[in-house]
Amino acid sequence: MNLQFSDRVSTLKGSAIREIFKYAADPQVISLAGGNPAPETFPNKELSDIAKELLENQPVLSLQYGITEGYAPLREQVKERLQRKENIDCEKNDVIIVSGGQQAIDLTTKIFVNEGDTVIVEEPSFIGALNCFRSYKANLAGVPMDENGMDIAALEETIKNSKNPKIIYTIPTFQNPSGITMTQQRRKELYEVARKYDLIIIEDNPYGELSFNGEHHATIKSIDTDGRVVYCGSFSKILAPGLRVGFMCAAPEITAKAAVAKQTSDVHTTMLPQLLASEYMKRYNIDEAIEKSRALYKEKCETMLKAIDEYFPEGVTRTNPTGGLFVWVTLPEKYDALEISKICAENKVVYVPGNTFMVDMDKKCSALRLNYSTMSNEKIIEGVKLLGEVFSKL
Ligand SMILES: Cc1ncc(COP(=O)(O)O)c(C=O)c1O
């Protein structure tokens, strides 16, 4: 049959990350390419006990259709956390439960973006969001970053030069893929620019709680006085990603429209994982569990940074993450990280080439993303050493 895919999806390419996973499946290969949280942080025993109890004692609640906005007690728990930990005004804002933070991005795009509208993104940015915007036929406009986050002067220039700018998408804290955290000053400036041009901000914050030193970075949502920030959060990195439980916090008019849009997508987020997240937080102290994850990632990140400093040749630079799961490495400009990734894969180590995270994926890019969350410290050191050998030879 002649399959004629829609314009929305015909230009979408399979993620390079999935391609790299083919190599990563080889047990001999050290993968610094993934982005998964460490499996040892999953509270599987606790969740297993709760699941058994729920299915035995609350089968209808667990297995019947639920309401689109999400399981009411979980919405309240999320609101309480957002108010307490992020200083987000949950009187003025509402929370709906979504199927992972990815769906919050998707629904926001669905309700605001018409074909040809521009979505402004940090460069580099999260591939899942970029592909989401592409699937709605948005124009993507990239804004460069430095170690303090998005370049605000460049942001304003980009807005001025864009056709129908609608949304600024940012991951201000422990960004994927760069590991960069936007300064408070820049967050305020970004908000003011969005206000000046009357744009929506998607603040995507799945890593905000994974600070190595416990430092808290005030969210843009916490300074949102006129309801333009759509805050996307997730239990993926603080509980377990396979649950597919995330949330959107925004002005009630926005969450109401997103709920209508969600009905044509998956009707509601699966009840059992919502109940698991809710019961887990009732019975256990999730903040204590997060504390342990932070310590684990801090140690792994320090191991990686130390190895990079030891084994990478001069001229290679890196970011200095203070939380999250990623380090961004930049080779001298003449090198193509995509081409080099093939040599590295033959040498049994893989990473994600930086072009994957750019608006123009076909343009040569000398940067790459490294992840430290799932490998042992020994493998991290060995992997970085192997990369260092390839880079040094070049
Ligand atoms: C920046 C960013 N946003 C959103 C997501 C989506 O996460 P989930 O849908 O699992 O909540 C991810 C996942 O890796 C991410 O890195």
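We count ligands from 1, going down the list as the structure has it; atoms in each ligand are counted the same way.
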Between side-chain atoms of residues 387-394 and protein atoms elsewhere (two or more places apart, or another chain), which donor-acceptor pairs fall under 3.5 Å?
residue, atom, partner, partner atom, Å
S392, OG, G388, O, 2.7

Ion pair R283/E279, N-O distance below 4.0 Å: yes
Those residues that, when tested against D224, pass side chain to side chain donor-acceptor pair (under 3.5 Å) (two or more places apart): Y191, K221
Sequence-distant partners of T270, side chain to side chain donor-acceptor pair (under 3.5 Å), two or more places apart: none
Ring-ring centroid check Y297 F212, cutoff 6.0 Å: no
Sorted by chain and number, the residues that approach ligand 1 to under 4.0 Å with a heavy atom: G100, G101, Q102, F126, I171, N176, D204, P206, Y207, S234, S236, K237, R244
Check: H217 ring centroid to F174 ring centroid under 6.0 Å: yes
